[in-house]
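Numbered from 1 within each chain, the chains take letters A, B, ... in sequence-line order. All figures in this text were calculated on a predicted structure; none of them were measured in a lab.
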Amino acid sequence: MLWCVSRRGWALLASLLLLLLASLITTGPACAVPVAPTPDAALAQILATVRHEAATSCAQPADRLEAIICAGTIRVGVRENYPPFGFLQGSRHSGFEVAVAQRIAQALGVTLSLVTVTPADRIALLAEDRIDLTIATMGDTTLRDTQARFIRPHYYASDTAVVGPRAVPLTKLAGAAGHTICVTVGDSSNPDLSAAGARLLLFSSPQQLIDELHSGVCSLIAQDNSYFARYFADPTFSALYDTKFTIDALPWGMAVPEAGGERLAIVLSLISEIFQRDGIFLTLAEANDVPANFLAQQRAVWRRPDCDTATGFESRRCVLPPRPSDMAQTRFAGAITAIESWTADHLGIRLSLDILKLQPAWDLIRTGLRNSVILILGTLTATFCFALLIGRALSMHSALCRWPVRGLVMLLQSTPPVLSLVIVASAANAVFTFSAALALAAAILALGLINGGNAGQAIAEAVATLRAEDAAKPPGHPRLAEGTLFTHALRRSITQIIAFLINATKATPIASFIGAPELLNALTDSTSFSSDRDTTYWLLLVFYVAVVLAVVGLCRILRNQLERRIAAS
Amino acid sequence: MIHILPHLPATFLPALLAGMSRDFAMAGMALGMGLAVGLPLAWVGSLRNPIRLVPNAVVQLLRAAPTFVVMFFLINILPHQVHVLGVPVRITREFTVALSLVPYSASIVAENGAEAWRQWRLGSELAALLFLPNLARSYFVLVMSSGSAAAIGVKEGISVILHQADRYPDIGDQLGVFAIGVFVYGLILQTGFFGVMELRRRLAGFVVKRRAEAWSAGSGDYDG
């Protein structure tokens, strides 16, 4: 917990140690085992000191805690549209977080003033001294920990829950491969779900997920479990749906300002310890229909003697660490920022290229690009190989060999490509454990079969026309040998073969639908790091159009070379 | 089928057909918009003027845009609602899918339209009329492509199949659902392709008959 100690000030820690020492002195030499002061005693001591100081310095309060005591009011930022945590009932704020705010005001002996905040301004309002404390569904991450002082122990922790109809058999993340899961754009769990092989459908708001779950578009939806709390409170909803599994636990924290908030943070940490130990958070959660599993576990933790102390909130054994979210910058982040500034200044275009500046996002994109290239090359090779195989099989004289292949080609031609891809991927997932390589291989196989089937049919038709021409030749004229016939047919059908190679290239992004980690999937995941989707999807479109144009150009060159060679021979 | 899939609900087939009808509707919208964009391009492309090179470049660019990528691009870029003459118009996911198919349909209309125009000028009515079966064929290709809409949450045929397959833990049952989907799609699309061939055949017969009549009327003594 050194990250806290260094910032919150050695002086405060020293005061707590003094408290500990004082407690040792009062227990006297008869007591051999030192007893740590309780959080209750430490809280009472600090509040008494502050009230004493406030009696003389309210004109210029030393810090936020003193300002609150002097004003007799604590200003708390809460949500107004996130039931059951913070919402408006008429014009009155209600919910779990509001109830917590009321109990904190009581503990401090001040009145409560509630201020509506949003995820966008809940930290900014602290810095601007417009609120003293925010209790607003805020996850404690290492990034946010640099912007405000988080209060630990945490008053809640959420997971991303995957919810679906009770009939859907799914119990763990590992089983998500091949399932379609509806998610909101930018959700931090999207990369984990995608990596497990789930097909992600993107929506812009959690409410849309609920609507699409009811309408049947989504079999499974993923969202913060706190969001589902009010829905599961409804017996009709909980009779139809259940939580399949949860991932990515995120502790929620209250926060106070960095500047002048040191003592306030310690006081609130001690209050939180007491609230956890005495089950006050738990009782408030249950009264507001908030899932209380985490709080029940926390009560057990804070009843332990090693945690129930005046310094328990500093102990790694007792508090949860913030979720790591620090994002290293790429080596070329400075150059990207310069490009953004240049385009804004000279072209009036506001680019937001965060995905190229943040290392985790750039890693995703790099992997996506590499996989896309593998997918495209693999698909082109598979298309050509299947074209040769199917063309040969369809040209055989034996109907026994010809008809099953003709049936397969007809089947592929009348099945939507997405469905063919899903069928191949499902079969592959049934035989092997899902992996990125398996999804890529399944996509290459399916796309190769679809396009190779059509190209093979074109080759077979060319063979048929050559045979017909041969048969029409007058007796004595040289006929094509069976061995060279196929080569001639390839030359004759080269236009169609090239057309299907281009089609195959254009179809490769569909592989993202079965969880293949190519560029489209990587960019979808990268929206977890950047709120700007416009630039992301522009990059995607430009990349694929460029790739297709490159393949078209390459095919044109190959064709010209082939024609030149034929003319020369 | 009942033996393979004991819990297949009676609502599955009607839901599948309803979903497929949405595929047909989206393809229809895409073709309509493709005609609106492609026919002017075809007309300009058939002019004896250097400007005809512009539609050619546009068509090449349109053909290079993968439908699936265009769909994701549009769903993320387009607003959910626009105002047309002050009236709020909601941009549905179905419309977005249809819009993503426009580059393909417009390029097909432009290419085939320009060729039909050229043939008509040369006096080859039959070759010009091939535009219609080509258009019909591209319509069925659009129907197949609109299945990609399942990836953005449109409740069309493929999404109904996937939704049902999600309910079975056993791969055998899932493949059973897929087989029903393949059969229904195959039946409808093969019927469609057969219809296109029949249309082509009838058009050819119609043109040949008209030519024969015209020739007969012109000479007056065709049968001697």
Side-chain angles (χ1 to χ4, degrees), chain A residues 164-165 167-170 175 178-180 182 185 199 201-204 208 212 215-220 410-411 413-420 422-423 426-427 429-431 502 505-510 512-513 520 523-524 527 533-534 536-538 540-541 543-549 552, chain B residues 7 15 23 60-61 63-77 80 93 104 140 143-172 174-175 178-179 181-183 185-193:
Chain A
V168 174
L170 184 66
H179 282 278
T180 304
C182 297
V185 176
R199 292 186 293 266
L201 292 193
L202 297 176
F203 290 87
S204 49
Q208 274 183 296
E212 300 300 359
S215 75
V217 167
C218 299
S219 294
L220 297 163
M410 262 184 71
L411 205 65
Q413 282 173 339
S414 53
T415 306
V418 172
L419 188 55
S420 302
V422 170
I423 293 170
S426 300
N429 287 337
V431 180
I502 294 166
T505 309
K506 285 174 67 177
T508 52
I510 304 178
S512 65
F513 193 56
L520 176 54
L523 286 174
T524 301
T527 58
R533 285 188 280 163
D534 293 14
T536 305
Y537 285 95
W538 268 110
L540 179 79
L541 188 66
F543 170 79
Y544 271 105
V545 169
V547 165
V548 174
L549 288 175
V552 169
Chain B
H7 305 297
D23 282 322
Q60 292 303 321
L61 205 62
R63 296 199 81 166
T67 302
F68 200 72
V69 171
V70 175
M71 187 175 75
F72 267 83
F73 172 77
L74 291 175
I75 201 80
N76 284 285
I77 298 295
H80 296 301
R93 287 185 173 237
Y104 168 77
F140 287 107
V143 172
M144 299 238 280
S145 300
S146 64
S148 308
I152 59 162
V154 175
K155 199 176 178 184
E156 49 69 67
I158 303 293
S159 73
V160 172
I161 294 167
L162 295 179
H163 192 257
Q164 188 58 42
D166 270 347
R167 289 170 180 260
Y168 294 104
D170 185 64
I171 182 67
Q174 288 180 8
L175 289 176
F178 294 146
V182 169
F183 176 76
Y185 264 101
L187 191 71
I188 292 176
L189 291 171
Q190 286 298 335
T191 308
F193 287 131

Problem - Plane angle bin for B/F72 and A/Y537 - parallel if under 30°, tilted between 30 and 60°, otherwise perpendicular - result: parallel
Exercise for the section: Under 4.5 Å heavy-atom distance to chain B, tell me which part of A/I510 shows up: side chain, backbone, both or neither. Expected result: both
Fill in the blank from the handout: Scanning both residues in full, the closest heavy-atom pair of A/L419 with B/G181 reads CD2-C, 4.2 Å
Practice task
Not counting sequence neighbours, which residues clear side chain to side chain donor-acceptor pair (under 3.5 Å) with A/N429? List them please.
Solution key: none
Handout entry: Atom group of B/I171 that falls short of 4.5 Å from chain A, counting heavy atoms
Key = side chain
Fill in the blank from the handout: Given B/A150, B/S148, B/S159, the one with more heavy-atom pairs under 4.5 angstrom with chain A than any other is B/A150
Practice task
Any chance you could lay out the side chain to side chain contact (heavy atoms under 4.5 Å, CB included) test for A/L540 and B/F73, step after step, and finish with the verdict?
Solution key: CA-CA 8 Å; A/L540 179 79; B/F73 172 77; 5.9 Å; no
Exercise for the section: Could you pull out the closest heavy-atom pair between A/S512 and B/F68, with the gap in Å? Expected result: OG-CE2, 3.3 Å
Practice task
Starting at CD1 of B/I158, measure out to CZ of A/F513 and round the result to the nearest 0.5 Å.
Solution key: 8.5 Å
Practice task
Working to the nearest 0.5 Å, report the span between CD of A/E212 and NZ of B/K155.
Solution key: 9.0 Å
Practice task
Check whether any side-chain heavy atom of A/I423 sits under 4.5 Å from a side-chain heavy atom of B/V182, and report yes or no.
Solution key: yes
Handout entry: Option in A/A546, A/C218, A/S426, A/G164 with maximal non-hydrogen atom pairs under 4.5 Å from chain B
Key = A/S426
Practice task
List the atom of B/V69, the atom of A/P509, and the distance in Å for their closest heavy-atom pair.
Solution key: CG2-CG, 3.4 Å
Problem - Counterpart residues, salt bridge (Lys or Arg N to Asp or Glu O under 4.0 Å), relative to B/R63 (two or more places apart) - result: B/E111
Handout entry: chain B contacts, top residue of A/T180, A/V552, A/L541 (heavy-atom pairs, under 4.5 Å)
Key = A/L541
Handout entry: Among the listed options B/F183, B/Y185, B/F140, the residue most often paired with chain A at heavy-atom distances under 4.5 Å
Key = B/Y185
Problem - Non-hydrogen side-chain atoms of B/L61 and A/L549 separated by less than 4.5 Å - result: yes
Fill in the blank from the handout: From the list B/L189, B/D23, B/I75, the residue making the most non-hydrogen contacts under 4.5 Å with chain A is B/L189
Completion exercise
Most contact-rich option vs chain A, by heavy-atom pairs under 4.5 angstrom, among B/A151, B/G153, B/S146, is B/A151
Completion exercise
Heaviest contributor of heavy-atom pairs below 4.5 Å to chain B, chosen from A/T415, A/V547, A/T508, A/L411, is A/T415
Problem - Per-residue contact mode, B/A179 against chain A (heavy atom under 4.5 angstrom) - result: neither
Practice task
Looking only at non-hydrogen atoms, find the nearest pair between B/Q190 and A/M410 and report the distance.
Solution key: NE2-O, 3.5 Å
Completion exercise
Checked A/L220, A/V422, A/L170, A/I502 vs chain B; the most non-hydrogen pairs under 4.5 Å come from A/V422
Practice task
Any chance you could measure B/L187, atom CG, to A/S414, atom OG, to the nearest 0.5 Å?
Solution key: 9.5 Å
